Student: 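Starting off with a structure, shown below.
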Amino acid sequence: MLLYQIYVGLHKFENAVVEVKNAVKMRKIQMVDLGSQYEKIKDEINASVQNVIDSTAFINGTEVKLFQEALEKYLDVKNVIPCANGTDALQVSMMALDLKPGDEVITTSFTFIATAEVIALLKLTPVLVDVEPDTFNIDPKAIEKAITPKTKAIVPVHLFGQCADMDAINEIAEKHNLYIIEDACQAIGAEYIFKNGTKKKAGTIGNLGCVSFFPSKNLGCYGDGGAVFTNDDELAKKLRSIVNHGMTVRYYHDVVGVNSRLDSIQAAVLRVKLKYLDDYAKARIAAANYYDKTFANNPKLKIPVRFKNSTHVFHQYTLITKDIDRAKLQEYLQSKEIPAMIYYPVPLHFQKAYNDPRYKKGDFPVTEELSKRVISLPMHTELDNEQLEYITNNVLDFINKN
Ligand SMILES: *Cc1c(COP(=O)(O)O)cnc(C)c1O
């Protein structure tokens, strides 16, 4: 008996040791694991960056042109205009369209602040509309209702990695003669499938499309970066001038511009990473499938709905919680060293800077509800099954206990 107890005790001890070892062995879980991603392409990146340093062509060097051309080819778009970041991409787009103070620009109440920020900065009037409850994307019916004689443009945001309903948005824009500026900052590489079967990449559908190469975005550089896409050569010419101080011929300034350039070093990083973008999307989708499978029939969690007219590149994996304390879930996960984030906790119309007498509580019920209930789990290209199992088990543990 005693021997048996010792045996059981030892066995338990052994198991505990194995558990501790596993816990030690598992890579730290991060919202985005840029370090592990870099490790796999380190030699290529280092060589590419070193090449720029050796050339000393830090601004508008060959790398910028090469990356621009590679991205044009990847997206099947006539013009890519690199710039300093995604926010600038949105701003120079609105400048290129000659939008004037007082012009109304319709966008979503459930997005990152940059979308509305540039509208306000240019003294245009942001007109917010609600989103669809299943895709989190701008609701075309709400757009139509918000149109006035002052409306000039629509800015759909392809939130979390899948496209808004561009068939419907195109139709509205055509009917009312409005520009479309896509905020594709979270959806580079996603593909929209039109009702007639044709396909276009996110950001190449509207008059202009904007992306960000912020490090955590699906195609991220090692600093700030961004770009505008367009099939309109005239607009492209204007944009190239605007991002370069309104200059076409050196020291002749035809329009008021800005200084918004993509560094050659960032372009060198991006040109390497662009080759892997489709593989990166596959890794993200695989992680999303794992999460989906685990949570699909859970009454307390709603998995992200995949819109039939768009592929999803899962910039974020965002669940809608039901009848559980979201803050406690986030805290519980944190105690297990699992980061989880709320994108976005405050709808745009509740932000202090955008406190606008036109809007009040209850105006955008879907956004308001989502902001209280969404939670995003770690999502990146380097998640392995061990990490995914650990994350999902802990989410389920919390739910079963609460
Ligand atoms: C990241 C992001 C931006 C801004 O991009 P930056 O490069 O950080 O300026 C704009 N809109 C959306 C939806 C974003 O996610």
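Residue indices begin at 1 and follow the sequence shown. All of these numbers come straight from a predicted model, not from anything done at the bench. We count ligands from 1, going down the list as the structure has it; atoms in each ligand are counted the same way.
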Student: So is His315 touching ligand 1 or not, going by heavy atoms under 4.0 Å?
Tutor: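 It does not; every heavy atom stays at 4.0 Å or beyond.
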
Student: I'd like to know if Asp103 pairs up with Lys100 as an ion pair, taking the criterion as any Lys NZ or Arg NE/NH1/NH2 lying under 4.0 Å from an Asp or Glu carboxylate oxygen.
Tutor: no

Student: Ion pair present between Asp384 and Arg27, side-chain N to carboxylate O less than 4.0 angstrom?
Tutor: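 Yes, this pair counts.
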
Student: Below 4.0 angstrom, N of the basic side chain to O of the carboxylate: do Glu369 and Arg373 qualify?
Tutor: yes

Student: Has ligand 1 got any nitrogen or oxygen that is less than 3.5 angstrom from a nitrogen or oxygen of Asp224?
Tutor: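 No, since none of the N or O atoms of Asp224 sits under 3.5 Å from an N or O of ligand 1.
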
Student: Would you say Gln186 and ligand 1 have an N/O pair spaced under 3.5 Å apart?
Tutor: yes

Student: Any idea how Phe110 and Phe160 line up, ring-wise: parallel (<30°), tilted (30 to 60°), or perpendicular (>60°)?
Tutor: perpendicular

Student: Among all protein heavy atoms, pick out the one at the shortest distance from atom 9 (O) of ligand 1; state its residue, atom name and that distance to 0.1 Å.
Tutor: Thr87 OG1, 2.5 Å

Student: Could you please spell out the steps behind the salt bridge (charged side-chain N to carboxylate O under 4.0 Å, His left out) verdict for Asp397 and Lys336?
Tutor: CA-CA 11 Å; Asp397 274 353; Lys336 304 285 176 189; over 6 Å; no

Student: Quick check on side chain to side chain contact (heavy atoms under 4.5 Å, CB included): which of Val313, Leu274, Leu219 does Ile188 satisfy it with?
Tutor: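 Answer to the side chain to side chain contact (heavy atoms under 4.5 Å, CB included) test with Ile188 among Val313, Leu274, Leu219: Leu219.
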
Student: Mind checking whether Asp183 contacts ligand 1 via backbone (N, CA, C, O), side chain (CB onward), both or neither, at a 4.0 Å heavy-atom cut-off?
Tutor: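 Side chain only.
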
Student: Note the single closest protein heavy atom to atom 1 (C) of ligand 1, along with its residue, its atom name and the distance in Å.
Tutor: Lys217 NZ, 1.4 Å

Student: For ligand 1, which atoms have a heavy atom of Val157 less than 4.0 angstrom away?
Tutor: 13 (C)

Student: With heavy atoms of Ala114 as the reference, note each atom of ligand 1 found under 4.0 Å away.
Tutor: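 The atoms of ligand 1 under 4.0 Å from a heavy atom of Ala114 are 4 (C), 10 (C).
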
Student: Got an N/O contact under 3.5 Å between Thr111 and ligand 1?
Tutor: no

Student: State plainly whether the residues Lys175 and Glu144 are in salt-bridge range, i.e. N to O under 4.0 Å.
Tutor: yes

Student: So for ligand 1, is Ser212 a polar contact partner (N or O within less than 3.5 Å, distance only)?
Tutor: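 N/O-N/O distance below 3.5 Å exists for this pair.
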
Student: Ignoring angles and geometry beyond distance, decide whether Gly86 reaches within less than 3.5 Å of ligand 1 through its nitrogen or oxygen atoms.
Tutor: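 Such a contact does occur with ligand 1.
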
Student: Out of all atoms in ligand 1, which are within 4.0 Å of some heavy atom of Asn85? Include the element for each.
Tutor: 7 (O), 9 (O)

Student: On the six-membered ring of Phe398, is Lys328 placed so that its NZ or CZ lies under 6.0 angstrom from the centre and within 45° of the ring axis?
Tutor: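 Because its charged atom misses either the 6.0 Å distance or the 45° angle limit, Lys328 does not stack over Phe398.
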
